[in-house]
Each structure stands twice: as C-alpha cells, then as structure tokens.
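One structure is given here, and the rest of the page talks about it.
Proteins come first, then strands; the chains are lettered A, B, ... in the order of their sequence lines, and each starts at number 1.
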4 protein chains.
Amino acid sequence: MPRPSRFPELVEAAGAEFREHGYDNATLEGISARLGILKGSVYNYVASKEELLLAVVEGPAEALLAQVDALLADSSSGVAVRLRELVRIQVRVFADHYPAAFVYLQRVGRARTPAFARFDEMDRHYLAAVESLLAEGARTGELSLPTDPRIAARAVIGMLDWMQHWFTPRGAAEDAALADELTALILGGLLAGGGVHGLTRSVPAAPRSPGAGAPG
Amino acid sequence: MPRPSRFPELVEAAGAEFREHGYDNATLEGISARLGILKGSVYNYVASKEELLLAVVEGPAEALLAQVDALLADSSSGVAVRLRELVRIQVRVFADHYPAAFVYLQRVGRARTPAFARFDEMDRHYLAAVESLLAEGARTGELSLPTDPRIAARAVIGMLDWMQHWFTPRGAAEDAALADELTALILGGLLAGGGVHGLTRSVPAAPRSPGAGAPG
Amino acid sequence: MPRPSRFPELVEAAGAEFREHGYDNATLEGISARLGILKGSVYNYVASKEELLLAVVEGPAEALLAQVDALLADSSSGVAVRLRELVRIQVRVFADHYPAAFVYLQRVGRARTPAFARFDEMDRHYLAAVESLLAEGARTGELSLPTDPRIAARAVIGMLDWMQHWFTPRGAAEDAALADELTALILGGLLAGGGVHGLTRSVPAAPRSPGAGAPG
Amino acid sequence: MPRPSRFPELVEAAGAEFREHGYDNATLEGISARLGILKGSVYNYVASKEELLLAVVEGPAEALLAQVDALLADSSSGVAVRLRELVRIQVRVFADHYPAAFVYLQRVGRARTPAFARFDEMDRHYLAAVESLLAEGARTGELSLPTDPRIAARAVIGMLDWMQHWFTPRGAAEDAALADELTALILGGLLAGGGVHGLTRSVPAAPRSPGAGAPG
DNA sequence: AATGAATGAGGCTTCATTCAT
DNA sequence: TATGAATGAAGCCTCATTCAT
C-alpha cells in the first residue's frame, strides 16, 4: 500500500510558514521541520523555494480568477448583484485559503523573477475584471462612478485586499453577512440620507487615470 | 570646511532601497553605495539596519498621526468635511513621503522585534482615530454606517493604504482632486440614484466586530 | 519474457555523462535519466558512483594494455613498425571507446581513493611499455633518441593522449591514415631535408629523467 | 601603515588548492583556511569561485599568449629557431606558474559559463599561433610536414601540454636544456639516420583537417 | 528491478555587524 | 568619517547514498 505523497502537507506547511514570517524570512528549515523531514528533502517535491511559493498560491488564485471571470460573463443579473457576489467570493477565498491569499498579496508587484511574472499577470487580470464590471454598471446607468472606473476598481480592490490584515473567518453564514455589509458600503457609501449631500460630488471630478508607471 | 553630516542623505537612500527591494531584501551594501561609501561606514550613523528603517518611517508617520489627531479634535467642522481632509492628508503623505509610506505599509503587522512595537502602536492609533471619526458621524447622524464602525474604518483605511500599489503623485492640485474623488466614493458609494436601492441595505447588518486575534 | 539486465546500457550512459560533464560534475540523476529510471535504482547495478567509473573505463583500458603488451613481446617486426602499430591501436581506442578514453585521461593522476590505484597503475604500465619500446629501438640502433627514453616516451604519449581534445572518428581507413601521419611525425620530425640540420641536435642532450615526485 | 591587500596570497592559495583537488573539488573552505580566514571572507576579494579561477589563470595565460604572438611576428629568425623558443617559453610557464598552467589545462574545453568563453578563446588563439608558425615553415621550405599543419600543431601542443603530468622544474638552465631536447625531438623525429627511412613517409599522407565539431 | 522518499553532509553565497587604522 | 578586512551565522541547494515497499 503506497504511502500517499506528502506534497499537500508540504504546500500547507509552506503556506503557513510564508504567511507567518513572510516569504523572504521563511526558511526551508522551518517548512520542512513541520513535516518532520530535513530541509534537503523538500527538493524531492519542488525544485526551489520559489516553486513552493507558486504551489501555495497558484491553485487558489486561478480558482478565484475563474470565478470572477464567470461572474463577468454572466449577464443574467445586474451589476450590483454581481458586485455583491464578487465580494462574497473574495471573502470566501480569504476564509478558505488564508495563507495563500495573504502570501499572494504580500508579493504583488514584487515579482523579481520570470517565474513570478504570473503574479503580476493575475493581478492585472483581476483589476481588469473589476474595472470592466464597474464600467459596465456606469454604461447601463446602474452605477454612477465618482471617479475613473480604474480608480474606483482600485479603491474596491484595496478595501477587499486589505482584509488580509484584519479578517478572521467565522463560518460561512457570518462571512457572507460581512461580505454583504461591505457591499453595502461600496454601493451606498457612508453618508446618511441616500448619499445626496453637498460634499459628495462637490469636486467636479476631472477624470483621471493612474500613470502607467505606477509604483510597485 | 567640514562636510555636514550626511545622515539625511543616508535616510533617503535607505528609504529608496527599502522601497525598491523591500526591507528584508535591501542590503546595507546597496544603501551605502548610493552615498558612495562602504557598508561598514553606515555604522557611523546608525547602530543597526532596523534603526535605519525607523529613521525612514518615523518622521512622516508621526507627522501623519499628529495631523490626524488634530483633525479629530477639531469639532469646528462636520465629520464629512473632516473625513475629506483625512483623505487629502493621506494622499499628501503618499505624494511627499512615498518610500516611507510604502515601507511602513509593507511592515504593518510584521513587527518582529521590540523596536517595532512602535509600528503596531501607530497602526492601532490610526485605526482608532478613523474609527472614532466614523463613530462620531454615526452618533451625530451625519453618517449612516452599514457596518460596525471598526469595519467601516478598516474598509476606508484599506482603500487608502492600497494606494501604495498604484498611486503616483502628479502635483498638489491633481492629487487633491483625486483625494476628493475618493472621498466622494467613500461617502456616496457607487450606486446611481442616491444610494436608495434595494440591494444596498438588503442584508440586515448584524453588527460585527473583528476578532481580537486578527492575523497579521 | 524477462528483460535482460540493463547493466551495459547503464555503463554506456555513465560513460556519456562522465565525458560530457566530467566525473565530478556528472550526477547519478543524469545517468539514470538516460535509462528512464531513477537515480536510486542505479544501486541495483553498482555499489557506488566510483564503481560506475571503473566499469566505464576498465574494459577498454585493459584491452588497450593487453594489445600494447602483445606488441612489445612481438619481436618479429622492427621497432618502427611496432610503434606505428601502437599509434594505430591508440587511435582505434579513441575511435571505438571515446568516452572511456576521455574519462580515463581526465582522471589520470587524480586517484583519490584506493579503488583508483588501478588507474595510476595502468598509467605507469603504459608509460613503461612505450619507454621500453623506444629504449629497444635505441639499443638496436633503429632509433636515435634526442632525449632520455622516458622523456621521449612521455612526449609521444602526450601527443597521442592529447587527441582527446581534437580527435573525431571518421571511419577505420581514414583513422588509420591519420595514425600513420602521426607516426611519420614522430619518427621523422618536422624538419625538411631528412632531419639533418644544425638546430636539431645543437644542444648536447644532457640525459635527464623526470623527478619521482612529478606532480599530478 | 595600511596592511597590504592579501589578494595575491588568496590567488596563490586558490591556485594551489585548484591544482591539488581540481577546480570542482576544491573548496572555498580549503582555500580560505590557507590564509587563516573564513570562507565567507573570500568574498571581500572576489565575487565567486569562478572569478578566483580566472584570477589564477588569467595573468600567466595572457603573458604566454603575448610572448607567443611576439614570437610569431618576429621574422628576423627562422621558423626552427622560433619553434625552439616557443618550446622554451612553454616550459618556462610550467616552471614559473605551475598551478595556473595545470589548472588551465584541466579546464580546456570545459567552459560551461560565459565567463570562461575566454578559456576556449585563448586555446584557439594558441593553436592558431602554432599552426601558423608551422605553416610558415612549410611555405618557406624550412619544414616538411607529414600532416596538415593544424594536426601537426596539435601534435606539438599535445606533447607540450602533457608536460603538466610529468614536468618538475629544476632551474632555468636544466629546464632550457629539456626544452631544447624536446625541440630536437619535434624537429628531427626519433628515427636514426636522418629520418630517411621507408616507414616515415610510407603512407601517402592524405591531407586531413580535423572536424569542426572536435570533442571537448 | 524499480520507486519514492528520506538522509546527511557539504558547498557556495549573502549579509549584518565589528574593529583596527 | 571612512576604509578594508574579517566574522559568524544562516540560507538555499546538490547529491551520493540508503531503505522500505
């Protein structure tokens, strides 16, 4: 009866270690110790530390993007509904793949090697998806964006991605509730009285798209 | 003719290097090379690499917090106005102290040594300030939060802090305009028609505060 | 239908790999991959990497020495003829057992473990054979050595062994022709006019044998 | 009074270690131990082990090539005389820079990294020089080559380079004498009676140049 | 005969830090 | 202030070898 490969264990250990110490500070020593093997033995499973990072992040990230793409393509529901679903999906990813999401976000814009061009690619993909959803809403009149769609997308994404610093899963129901609260915040804003308020649109929003040479 | 101490130069070099490579990957070699000196010479100015990080971040961070505190204490203007000012301040910090802000955010929740307890402290301080501003708005009826104030604060902060990944300064006027667009987004949300919409508050927001043991 | 042992395949793979990367840089991984098996499986055939080296080299080397010994013992032809045959044999070895010869020569004087005392032994054996052939020629008057026989032998051997760096087999006939050209060079030298020339023997050759502690 | 840099010491230690164990088996540990420093300290002098190899070999190799080039250009003496000088130069290099020469020869045709393209380049350079000298001799009628000039050059070079395996320096005078004996051998061959002998040119030397794809 | 996993030793390299000058 | 050299610790990775299955 062949022992099952311990690859999944390894990836999980790596995820935990990356998330706890950060990729750069995490050591193969620490990761392998979690499996009770020596650091050299890790190379029976992967060819490098980087590959381990990829293994941690790739699955969940691809899955997330696939879901987001499906959402975009589904024109059977309105933009607001789909935005709500987007937030729910994102929260679920945090809940289910916490280390992966955390590690991924820690590395965004930090791709130093060709192997991680993939990271930035996924990042652009996600941004484009959200932007396109918001733009669609603006086109249909369902949304009214106070900024360039790209900036609005970045604001939404920032709000969601920052959850890495404070979110703790509490079970599917509570997490979905949290997601919907965030959606309400995004859609309705904070102002009392239905958002009609002098301040809200006081500045004639000179449309503005971020520079190509954005940092990071 | 005695040369003046090159400490400021050093701090700037360190900021640039930290921001480009991340604190962990930045080397004293690289930093000192920017001044045309050798890495050992850095110890004429600071006692450790960590101290350099502190030197980079401390000034701007303290200044930011002081401004934020002043804002909180100033009851002469409404919450929305003060929130707008908060966003403007934050954007200005990014514009004027980009490396510091970037590096600071990269290190949030990553305090490994006692020297950096200060980091987490500042983080909590900032969060508390924003939360208290929002709570005040809810109390006065100026705001209507779809979530727990702490979560709303975290959403706002996330939106702002994520700017590290995309913001590029364009001059005071344009930057202020951008800040105000973001404020509009925060206050008014994305939904057309004044935020009165079935979806916006569809989920009875079970108030919810994040766990004490939040990760990171 | 039982597969035959793949030992010969293994030895060939090892020879190729040793020759391509050098013994030290060659890996069992690379060798075994040529058979489509894993490196651990190699130990079903040999007990160590060194043994593999031995297996690669031993056969051809012993065969070469046997031929050379036979040549020495055969007093039915003159020294020059036998020298020509020696060169032909050597060239044939390069043609037929290229990796073995290459690897062998790469290891000359590099015996680090007892298992390879055999290498140095064979080396001495070969040198002694050539030296004795040349000395015989000098004794019979067929040759006229401008140097100590041992040095002449080393010169001849050097010329031949260096072929590892440039020889490529072209078929029996062409290879034999090349061998005979080299023989002509060894016997007749490069000078025009029958070798009678002031320079040729200008230096009264103080007989000289190499030191026992010769390096390598 | 500044301590002199120990770089020369380091290069010498590296040369000795490379020559004793071979480049691949030599360790920075062993090299640095000869200076009484730790292995990491070596990186104050060079950026890599390879650079150390380069440092060991480069100087003597360039010097040798420069001398050889000068020899080629000097048309004031005959080819035979210049060939004798070539041999003397080569022997002197072995005497004066033994480890460098040894290590160099051990690496010929083994350039794996771009940094060592230089090695193969020097190798080609040397071969071309000798070949051109021999060809000149054939043209002027001073020499009579039984083979293609390139092959004759390789034969001569082989004879000389193989000295790495047996040569031990004995002082300038004795070394020069040895060089001249070898020259006599090259020019006059081994055959008694002035090289006029049936065997010497018995094989009609079908001119033959080595394949471009020569191994190693 | 072959696999998959593990070991253990060692190698190269990096880097913050120290210190005499 | 700055240098040059050294330390020491640690990290990633390689690889021959072992062994249960």
Quick one: on DNA chain E, does B:E50 or D:A47 contact a more 5' nucleotide (nearest heavy atom)?
D:A47
Do you know which two heavy atoms are closest between C:G15 and C:V56, and how far apart they sit?
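What the structure gives for the nearest pair is N-CG2, 3.6 Å.
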Could you state the [atom1]-[atom2] distance from [X] to [N], rounded to the nearest angstrom?
X	N	atom1	atom2	answer
B:N44	F:dT1	CG	C1'	5 Å
D:H21	E:dG10	NE2	C1'	15 Å
A:I37	E:dA6	CD1	C1'	8 Å
A:F7	E:dT3	CZ	P	20 Å
C:E9	E:dA2	CD	C1'	14 Å
C:E51	F:dA16	CD	C1'	14 Å
A:L52	F:dC13	CG	C1'	13 Å

Per-nucleotide pairing state of DNA chain E [Watson-Crick or G-U, under 3.5 Å; [ ] pseudoknot-crossing; | other strand]:
.||||||||||||||||||||
Can you list the residues that meet the side-chain hydrogen bond (donor to acceptor under 3.5 Å, both in side chains) rule with [X], with sequence neighbours excluded?
X	result
B:E29	none
C:D24	D:N25
D:E51	none

Residues in side-chain contact (heavy atoms from CB on, under 4.5 Å) with B:V42, at least two apart?
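Residues passing side-chain contact (heavy atoms from CB on, under 4.5 Å) with B:V42: B:L10, B:L28, B:S32, B:V46, B:L52.
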Would you say [X] places a side-chain N or O within less than 4.0 Å of OP1 or OP2 belonging to [N]?
X	N	answer
D:Y45	F:dG4	no
D:S41	F:dA5	no
D:R6	F:dA6	yes

Kindly indicate whether a cation-pi arrangement holds for C:K49 with C:Y43, taking the cut-offs as under 6.0 Å to the six-membered ring centre and within 45° of the axis.
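Not satisfied by the 6.0 Å and 45° rule.
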Cation-pi check for D:F119 against D:R107: NZ or CZ below 6.0 Å from the six-membered ring centre and within 45 degrees of the axis, yes or no?
no
Could you label the plane-to-plane angle of the C:Y98 and C:F94 rings as parallel, tilted or perpendicular, counting under 30° as parallel and over 60° as perpendicular?
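Rings of C:Y98 and C:F94: tilted, 30 to 60°.
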How is D:L38 classified with respect to the nucleic acid when contacts are heavy atoms under 4.0 Å: base, sugar-phosphate, or nothing?
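Since a base atom lies under 4.0 Å of D:L38, the category is base.
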Closer than 3.5 angstrom, by distance alone: can the side chain of C:Y45 be matched with the main-chain N or O of C:P8 as a donor-acceptor pair?
no
Please enumerate all protein N or O atoms sitting under 3.5 Å from an N or O of nucleotides 9-12 of chain F, with distances to 0.1 Å.
unit_1 : atom_1 : unit_2 : atom_2 : d
F:dC12 : OP1    : A:A26  : O      : 3.3
F:dC12 : OP1    : A:K49  : NZ     : 3.0
F:dC12 : OP2    : A:L28  : N      : 3.1

